[in-house]
2 protein chains.
Amino acid sequence: MNDIMEKLKDKLKEKGYKLTPQRRATLDTIINNQGKHLSTEEIYDMVKTECPEIGLATVYRTLQLLDELDIITKINFDDGCSRYELNNHEDNHQHHHLICVKCGEVIEVEVDLLETLEEEIEKNYDFKIHDHKVKFFGYCSNCK
Amino acid sequence: MNDIMEKLKDKLKEKGYKLTPQRRATLDTIINNQGKHLSTEEIYDMVKTECPEIGLATVYRTLQLLDELDIITKINFDDGCSRYELNNHEDNHQHHHLICVKCGEVIEVEVDLLETLEEEIEKNYDFKIHDHKVKFFGYCSNCK
DNA sequence: AATTTAATTGATAAGGTATTTCAGTTAATA
DNA sequence: TATTAACTGAAATACCTTATCAATTAAATT
Ligand SMILES: [Mn+2]
Ligand SMILES: [Mn+2]
Ligand SMILES: [Zn+2]
Ligand SMILES: [Zn+2]
């Protein structure tokens, strides 16, 4: 059992929840597809190969649970469905996304560079920031 | 007729579209409620006082059209519906939003401070940025 | 290893937002 | 005023997501 699965087990136990085969298989699918920003239906289809009897409602419930437990993050690319990605457990903030408005490609940006802006905001707006979601829209190298 | 309505009329004419009372009333409602981030249903309810015979489908269609014409912007606060706000016509980028995770208050931040980050991204990722959407989550002055 | 029990599941119904359809209406141009 | 393509409202439809519920199961307790 890997680190992330171990962490899931602990967090579930803490709340009196159970580690079921369905939850294992769902998290496994997300772990094995990092960087792909899979939708619920896409995850459902992939999980079924490992766990054919799983129902769609269970996948919805599991993703909601993993999000609550801070293991994954829900992302919205305005394409009509929710997508999910594994959280980075070293630091606790979401990376940025570059979205090509022509071909739809999504590129991940790990450099943060928001420190100055966040300090400015905390000072000027008396607002305590604990997370952010940043999307840039434009043209990727193939499309510009 | 104010500047924004004039701009709408021009853009519609350019595409062979018509300036109808329903479109006028919808845009008027948005103009008269700046900073409120109204949802489609909320706009529908307010428009009805001025234009009681309007249908919900027309409001959906009009908001979609105003978005396409770059007069308003659709925003997503993950509360299950689309919200809209009037575009700033001086510069062409979206201001930032601070969202209080406790009380839900939304604060607008006009300072941009993303120049350095955007330059860095354009250089390192060979990506031509033309817009961004930035949300900060945390605690407002009342809630922290 | 068997018992207990609250959590979990899959199937399906139901909910909620958004879009499509279509016949009747209307803004804009000549 | 006549013409016509665009537009509208009402209702049906589509689609993603959540709720319901009886059957099952993980995990703690004997
Ligand atoms: Mn990502
Ligand atoms: Mn705003
Ligand atoms: Zn591209
Ligand atoms: Zn607050």
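Each chain gets a letter, A, B and so on, in the order its sequence line appears, and its residues count up from 1.
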Would you check if there is a donor-acceptor pair between the side chains of B/E85 and B/Q94 at a distance under 3.5 Å? yes
For [X] and [N], is the shortest distance between a side-chain N/O and OP1 or OP2 below 4.0 Å?
X	N	result
A/R23	C/dT8	yes
A/Q64	D/dT18	yes
B/T40	C/dT17	no
A/T20	C/dT9	yes
A/Q22	C/dG10	yes
A/Y60	D/dT17	yes

Atom-pair distance ([atom1] on [X]; [atom2] on [N]), nearest Å:
X	N	atom1	atom2	value
A/K9	C/dT8	NZ	P	15 Å
A/K18	D/dT24	NZ	P	14 Å
B/Y44	C/dA18	OH	P	14 Å
A/L56	C/dA14	CG	P	18 Å
A/I75	D/dC16	CD1	C1'	17 Å
B/D67	C/dT19	CG	P	11 Å
A/L38	D/dC16	CG	C1'	17 Å
A/L12	D/dT25	CG	P	19 Å

Between the main-chain N or O of A/Y139 and the side-chain N or O of A/K144, is there a donor-acceptor pair closer than 3.5 Å? no
Indicate yes or no for a side-chain donor-acceptor contact from B/R83 to the backbone of B/F77 under 3.5 Å, with no hydrogens or angles considered. no
Below 4.0 angstrom, N of the basic side chain to O of the carboxylate: do A/K36 and A/E42 qualify? no
Between the base of C/dT21 and the side chain of B/R61, is there a donor and acceptor pair under 3.5 angstrom? yes
Heavy-atom nearest nucleotide on DNA chain C for B/G80 versus B/L19: which residue maps closer to 5'? B/G80
Return the CZ to CG distance between A/F136 and B/D131, rounded to the nearest 0.5 Å. 10.0 Å
Checking contacts here: which listed nucleotide (C/dT29, D/dT17, D/dA28) is nearest the side-chain heavy atoms of A/K13? D/dA28
Per B/Y17 side chain, nearest of listed nucleotides D/dC7, C/dA18, C/dA28: D/dC7
Judged by each residue's nearest nucleotide on DNA chain D, which is more toward the 5′ side, B/K15 or A/P21? B/K15
